[in-house]
Amino acid sequence: MKTKITKISNINPQDTFAESTNGIYIVDAGAGTGKTHTIIRRYKNLINAGVHPKDILLITFTRNAAEQMRNDVVTAAYEQEVSITDLLEAPVLNFHSYCLRFLKKYGLKAPSILGISEMLTGNFNVAEENIYESELFRKFYLKFRKSNFRKYESIYKSLSYDYETVLSSIKKLCSIGIFPTSKGWFSNGAELLKGNEDEYRKKFEQMNEVCMGKTSEVQNEMHSIIKGMKDKVCFDFNYEENLEGKRVKESLIDEIFSDEMQEELIEFMRDVYYSYIEFMLKRNILNFDFVIMFAYLVLYSDKEIRNASQFEYIMVDEFQDTDEIQFLLLMLLCKDINGTANIGVVGDWKQGIYGFRNTTIENITLFSERLSDYKKVLNKGSERITYNTDESAINKITFEYNYRSSQKILDFSMHTLKCKGSADDKPDIEMVTNNFSKPLTAIRELDDLTEIAFYESAVQDSDSETELILKKISELTNDEKYLIREFEKDGSVKCERRIQYSDICVLSRTNEFGLKLQKEGITKNIPVNFEGGLELFASQQGILLLAWLRVMLNVNSAEGWLPILETDGNKFNELKYLTDLISKNNTNAESEYFRELFDFRDKLASEKENLLNVIEMIFTRYGFEDEYCNAILTEFSSWIKNDLLSPGELTNLINNLKIDRFNIEISNTDNAVVYQTIHGSKGLEYPVVILANMNTLVFPSSKSSYPNIYYHPVSGLRLRKQFGSIGEYSGVFDNWRSEILICMLKTGNYDEERRLLYVAATRAKQYLYFTTRKASNFFKDLLTFCGEIPVNNFDYQIIPVEFKNEIDREEIKAPEVKSHGRKFVSVHTLMDEDVPASESFESEIVPDISAGNNEAMEYGIKIHLAAQRIANKIDPGFESEEVRGIYSFLKNCGAEEIHSEVDFLYPSGNEMIRGTIDLILIYKDRVEIVDYKTGSGKKFLEQYKKQISIYKEVVNKVYPDKEVTGLIYFTGINEFVKV
DNA sequence: GGTCGCAGAGTTTTT
DNA sequence: CTCTGCGACC
């Protein structure tokens, strides 16, 4: 057995990055190069050099990644003496939690930067659920539309009721740093929205040049774009008139860019965007985008706060997942130290797969350009960035060694970024080779135990591919020639062993495929764990279930009947007729047809009390019995079990469930094949990867669409529809100017799909397989690149394997944790050990434990909010006995300083306690802690006392020379209890 | 061999 | 909304 460890020379780029801590660094860290590990090494070096943890900002994108990093930072072994509390409080965060923290401290007046009078108090909520924000926006938009209908009539007519587009445009603009103000746009926003006419003209002329084919002049790019317009319906454009031989009429260049609708659209967007921010602030809610926006605005506008917030050292992980505003924000957070900034960003542009969330890989690929461009943006009006951003100040490092895969797989991964997505797709090979010139070097010696192969199912029906995959899995687990080599930490070989189910990961572009595979696996006794979320109630099963439940609750619900009647095979005209009868309560006219439906509905209603029965009856009616049904039943039974489903609440639930997403785990077992979407697999690794479902239209997916409101830096903001008329007919037409611009500017539709392919391939350590039943372009191109022929007659008897203990893989352990053994608990957990931790954490802002019901809870929050506003000298927004009480209490308390809603984190024994103190009053010689209780009862007095005593202990540490006293303030009865 | 028209079939998800 | 595949046509 080979035990050779590839020797890493002293100039290993990983070492270079870990050891050079000063200056600007951009690190291209490909898959499996140990980037997070290197970041932690660099962090340790900084601490060992005497840098205080509070001066190093370590930032990433996801909560999990940040959590992992924080764990690494706290448990690392340092040579330098460093306090645990300092490490626990170190800024190791994801973007949003950093900004949240920042806003709680400095955000109060942030809205005023945009000209909004509303304040941002410290206890705002973040709308975390997409469905929630979407609903919120819808409510807002309908009201806005109504009150401004005249003003933007033509826009509304063009947009119809498409509020989702408006919301996503707001988010898009936010992500690139375009913000509305009361009168216009913040900073250079107005300019950006108009677009860049010079660039456009250059592009037009370039695309309209005479183009020579093999023998004679052929149609150029502009010509084919204009010709393509024949499929569009425009009321004021005739494509034929604008063609001139093999080119396009020159006069068109002036006409395309100037659209009189654009100005109106920009003003509409400003109004709706601005009003939406106001609307959210009035409700004390922010969305994720506005959290970043306000943090940026404060840092941009307030020199003092900016100086106080800047960091000596910043490191960013997963930099390919950032958007433009996050780049700008990071630049503001860098402290200028003698003309340089110490920032190291680490990422892999090849793994940028979150474009739909507005992240841009250009933050990496155009790092230098953006750095100097953004410096100009940030220095508009006054100088905010003083450190050097010249090319010469930027250090580029590429990690070259891979600790995961065989060399064969690494070499292969080069091809993934060059595959064609469609027959006439033109991947930007030049860009790929410029940014990824040679494959990574494998550190693990695996080339004797590695394989890449392609499989095509013999028949084209959809079950044949899942069966093929199960056969392959069976071969992998039964045939002795497949071995997995494991390594020790030092790189020497630990052991070689047979493959078991959990070593195998099946990846696909879609969720759906996994369900099929799992179902098929069950019948063949091969366990497949399905991991990931599913839109349960968007499935046919879910839609029909909700429809019947609606009808059960309200027999006249046309909304409910519609999907039922549709499933019955009725077409548009019949549907209209039938729903009409229902809403007019006139079903007698078709009593024959309705009788059976109504009977079934009545049967359901009679079982109303037993909801699970009702659901079963509905599924049985349609013969549904798949994983969706199981998952839906499980979901409902858990709601029922938790008493969340009284008949009244059912209506509510149904209305909100429509598009929500659930994490369902269906019959997952210990040793099973893992199924994931490629997105879900990012960051993970497996000895065996089967990339399945590589079928046309699936992967790469061709479903890409440009929204109705479109933004591109060259075109500016554009509306794709336009209200107009041809003769008698008035209606919504395509806006030809916008359509032409979009065609001119669109780039690499399949770039992100290719990166997805790269992510998938680089998850594999040793064995990598591709399967299809109807080969997509990706599948075909990979074959060509490899010079391989697909296996299309693969057969293997499916033999389930019972794994014995001796070959059981040792459980993957988290990196050695020199545990300080602290876990996080909230104060409320300590007050009452019976309350489950999750619940008590929720209740941290809940003023009264006895307030089990929503109303009391909401009321408590309202009073707390009012108290906080009073403490911050802001109008509480409403009057009541209690508000007056709090007001006079604060006015007369005579304290020198008042702090409200103080968050703390306090180590005690094996635990980290976290909590929020309502109010701290600081006097000359003493400190008083006040906790509001809005309920009237004092029956929990003992527990409250316990809570206060914990607070006292905490506050005592901060003010060791002052006497600390506690006070419980029962606001409802205006009584005080000293503790 | 080019190209035209038409039917059919299709996604991911984080803060 | 956009790609593929197919048949039709020059």
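Quantities reported herein were computed from a predicted structural model and do not represent experimental measurements. Convention: sequence-line order gives letters A, B, ...; per-chain numbering from 1.
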Ranking A:Lys721 and A:Ala775 by the position along DNA chain C of their nearest nucleotide, the one closer to 5' is A:Lys721
How long is the line joining CZ of A:Phe290 and C1' of B:dT15, in whole Å?
14 Å
How many whole angstroms separate atom CD of A:Glu753 from atom P of B:dT12?
11 Å
Nearest-nucleotide pick for A:Tyr354, side chain only, options being C:dC3, B:dT13, B:dT11:
B:dT13
What about A:Arg357, does its side chain sit under 3.5 Å from the base of B:dT13 through a donor-acceptor pair?
no
Do A:Phe279 and A:Ile285 make a side-chain contact, defined as non-hydrogen atoms from C-beta onward lying under 4.5 Å apart?
no
Which of these nucleotides, B:dT13, B:dT14, B:dT11, is closest to any side-chain atom of A:His679?
B:dT13
Can you check the A:Arg755 CZ to B:dT13 P distance for me, whole Å?
16 Å
Tell me the interatomic distance from A:Tyr750, atom OH, to C:dT4, atom C1', rounded to whole angstroms.
10 Å
What distance, rounded to whole Å, do you find between the two C1' atoms, one in C:dT2 and one in B:dT13?
22 Å
Interatomic distance, A:Phe779 CZ vs C:dC3 C1' [rounded to whole Å]
20 Å
Of B:dT15, B:dT11, B:dT13, the nucleotide closest to the side chain of A:Phe356 is B:dT13
Test: A:Arg754 cationic atom under 6.0 Å from A:Tyr758 six-membered ring centre, within 45° of axis
no
For the side chain of A:His96, starting at C-beta, report the closest nucleotide among B:dT11, B:dT15, C:dT4.
B:dT15
Nucleotide of B:dT13, B:dT14, B:dT11 approaching A:Phe61 most closely (side-chain heavy atoms)
B:dT14
Within the structure shown, what part of the strands sits under 4.0 Å from A:Asn777 by heavy-atom distance: base, sugar-phosphate, or nothing?
sugar-phosphate
What nucleic acid atoms does A:Phe95 come within less than 4.0 Å of, heavy atoms only: base, sugar-phosphate, or nothing?
nothing
Pair A:Glu456 + A:Arg773: basic N to acidic O under 4.0 Å:
no
Length of the line joining A:Arg720:CZ and C:dT2:C1', which is rounded to integer Å:
11 Å
What is the distance from CD1 of A:Ile353 to P of B:dT13, rounded to the nearest Å?
9 Å
I want to verify a distance call: between B:dT15, B:dT12, C:dT4, whose nearest atom is closest to the A:Ser422 side chain?
C:dT4
With the side chain of A:Arg63 defined as its heavy atoms from C-beta on, choose the nearest nucleotide among B:dT15, B:dA9, B:dT13.
B:dT15
Would you please name every residue forming a salt bridge (Lys or Arg N to Asp or Glu O under 4.0 Å) with A:Asp259, sequence neighbours left out?
none
Determine, for A:Phe288 and A:Lys171, whether the Lys NZ or Arg CZ falls below 6.0 Å from the six-membered ring centre while staying within 45 degrees of the axis.
no
Between A:Thr696 and C:dC3, is there a contact of a side-chain N or O with OP1 or OP2 at under 4.0 Å?
no
In terms of side-chain heavy atoms of A:Leu697, which of C:dC1, B:dA9, B:dT13 is nearest?
B:dA9
Distance test, side-chain N/O of A:Asn693 to OP1/OP2 of B:dT11, below 4.0 Å:
no
A:Ala423 side-chain proximity, nearest of C:dC1, B:dT11, C:dT4
C:dT4
Rounded off to whole Å, could you give me the CD-to-P distance for the A:Glu67 and B:dT14 pair?
16 Å
Yes or no on side-chain contact (heavy atoms from CB on, under 4.5 Å) for A:Val346 and A:Val316, after CA distance, side-chain angles and deciding distance?
CA-CA 6 Å; A:Val346 183; A:Val316 190; over 6 Å; no
